[in-house]
Each structure stands twice: as structure tokens, then as C-alpha cells.
Amino acid sequence: MNVRRRDSCRLCGGTALDRVLSLPPTPPANAFVPAPVAQDLHPQDVFRCTSCGHVQLGHVVDAETLFGEYVYASGTSPVFVKHFDDYAQAVVTRFGVKPGDRVVEIGSNDGVLLRAFKARGAAVLGVDPARKIAAAASASGVETRAEFFTEDLARALRAEGGPAKVITANNCMAHIDDLAGVVRGVAALLADYGVFVMEVQYLVELVRQGLWDMVYAEHVSYHHVGPLIPFFARAGLGVFDVQAVPTHGGSIRVFVRRAAPFLERADWDGREGAWTSREAFARLQARIGEQTRGLKQVLADLKRRGGDGLVAGYGVPAKATTLMYTMGLSRADIDYCVDDSPWKIGLLSPGLHVPVLAPTALLERRPRAIVIFAWNFADSIAEKIRAMFAAAGGEAPPIVVPLPEPRIMAVPGPAGVPA
Ligand SMILES: [Zn+2]
């Protein structure tokens, strides 16, 4: 495993980094294995740059290791397809994207957003280092280069196909170590009156809501607006608008171009300071301890009530690995997990080696309780679990939500009346 320490701020190059959050070491959050093997753990300490305020992981896992075989396909979720279709329409309308205008996406995954631009007449090109997904996207009509987006590649793309009217990056600006290189590439490829739009999970919401299980090796940066303003300025670009979007518990869409007027950093420091300070992280660290004690109490109470049956987990998203390691859960607490994703079924979870089974295993094994690890979708998952048990003529076991406040979900009353 190629892991190295990062001693300088990814945005400003500053070397005075302050450790503000410490989570236990974990293996890569998507390192599912077919059989129990020793897996390397790497640190998950979060640092804040005392110069510009940017927040980043202290260690970086080699990107080829993490993303070369990446299999996450965003277009598989209907919620995301709708999200990206609305996104494309909003950009086309606001910036007057005309048929034939070039739209390039960095980290284009399966091409779900570019397909929506292509349907509106744009000339689209994806760039994504995950070889299998890039090949599948190209085969489905969204031409995708299986490469990392770099300044050199950006210059080559401009020479081949001209400048881009729109460049987008969704959820990948948190993944990229050499962000300065990527942004120099954006500056090189962007048309004079073009726009760069990045969407990324928002640090302010992570801290405010306690979404600390978003901390894992794929997410090397946790962005907020303040530090991005001078960062883009150094590449000759400026942030001119920011919108809140609801994905991943709270994200931001940041709009960047060459021509002023731009947003002022001082305004954003005022809005974001309370949730990005050293003190805010200290409160978050303390809250993790309270949440852990709360979850253990909920599970102990259920055991007293329900005897010796086993506990199952529902969903093994990347953040489940951070959650299980941080809360000290093992197979003694969670006997097995179920997941809807066919590629995870039959494998063992990263590091802790909890078996991943198909959801129907819940009916066969009748666990004492079910913990929902994809807890941001708790309502819809609970509904699905209850429907599955009802169809089999039974009642679902108690369903536990681990975060942000550990609790047993209330069973809905008859005719939709809340209990
Ligand atoms: Zn910095």
C-alpha cells in the first residue's frame, strides 16, 4: 500500500498544520476482500491549515491504488440521475450553453451528468482514471478518457478540441491530491467566458451535523468556501457564486470564471468561521465519544430485551468502515451486513471482515436488530426492510440508526399515523 504523509496545505502550500480531529486507522474504505487477510491500516487524522483554514487528511493513499479499479457507478441510483439532469439543465440555462459547445467533466464516473449535457446538444468529453467505468461510459456514448486530469492533459485537450465552455467536477475535488495542478489545467482548458463548476460535500455541514464518517482515505480534502477564494485567485480564476445542494448530507456548488466580480473572502469567513475553527472540531471530537456511548447503550438495551439473537447491519457504504472502527464495533457487535450492491455481496468488509450478504439473508436469519450504516437514507431503507418482512408475513426487528443521535426508529402506526 502506497501511503505517504502530506506536510503542506494542498491549497496554499503552508506548512503550519494543526491536527484537529483524530479517528482510528482503517484500511481503504472500499477494500472488500474475499477471505480474511491482514489489511494495512492507515491513519485518519484531520489537519487544519493555520494559514488559509483549509482542512485535509494527514495521509494520502496513492490515487492509482484507490481509483484505478474504482467501481462506484453514480448513474445506478435514480435519485442521482434526476439530480444530475436538473444540474445540467440549470447550467445550460444560466450560462447559455449552445449546441456544439464543449463540456468537459473531471472525474466523470459513468457519464451520468455528461449524458444530460449531451441530450441538450453539447459536445461532451469525460476524464476519469477508473478504467472499467471509463470504458463502459465510452461504450454507452459518452466519450471518456481513462486518465487523471492534469495540466498537461488539459493543454492537449485544448489543442485537440478547442476550449471548454463548461468544465465540471463533482465529488472529485475532495479526492485529488494535486489540486493546484488540476486547477491550472482548468485555467488552461477553460474558454475566456467559460465557467468551471465544482460540487463537493461541505465541511460546514460535516461539522455542524456531525457527519464525521465522511472522513476516509478517498476524501483527502474537506472543503469550505473561504480558502477556495484565494486558491482559485492564484490560478487567475475567481469564485463568483456558491449554491447549497442537498447531496451527501449537505454539499456546495462553487462557480468559477476568469472575469470579476468575485466573492470576497471576508464575507465567507464570517459565515463559516463558527463551524471550521479549532474549537468547532474539538466539540466534534467530544461528540463522537458521546455518540459511541449512546450506540453501545442502545445495543445493550436491545440485547436485554431480545435475548441472544444477533445484530445485522444494513448497507456497507465507504463510511461504514470509518464508523465501525471509530465506534469500536466488531463481529461481536455486528454479525453480518447486507447490501444491495451485487459486487459487495459474498465479500468481507474492509479490515473487520464482517460478511456481506444479500438483503434476503435478513428474512432467513431474523436478526435481533438491524443497524442502518447508510443512515442518511434511514427512512427509505427502514421502509424497504419493513416491506420485505411484511411481504414474508412477519414483522421487522428493531431498526437502529447510529448517527447523528443513536436511536431505535419508531415503528409507524396504522394508516401512516406516526407512532
Ligand atoms: Zn492553507
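For ligands, and for the atoms within them, numbers begin at 1 and follow the listed sequence.
A cation-pi arrangement is not found for Arg265 relative to Trp268, the charged atom failing to lie both closer than 6.0 Å to the ring centre and inside a 45° cone about the ring normal. Judged by the 6.0 Å and 45° rule, Arg257 forms no cation-pi pair with Tyr193.
When only modelled atom types and interatomic distance are considered, Gln44 and Thr26 share a side-chain donor-acceptor pair under 3.5 Å. There is a side-chain donor-acceptor pair under 3.5 Å between Trp212 and Gln291. A donor atom on one side chain and an acceptor atom on the other are found under 3.5 Å apart for Glu105 and Asn170.
Here the Zn ion (ligand 1) has protein N, O or S atoms under 2.8 Å from it, and they come to 4.
For the residue pair Thr276 and Phe281, the shortest heavy atom distance occurs at O-CE1, 3.8 Å.
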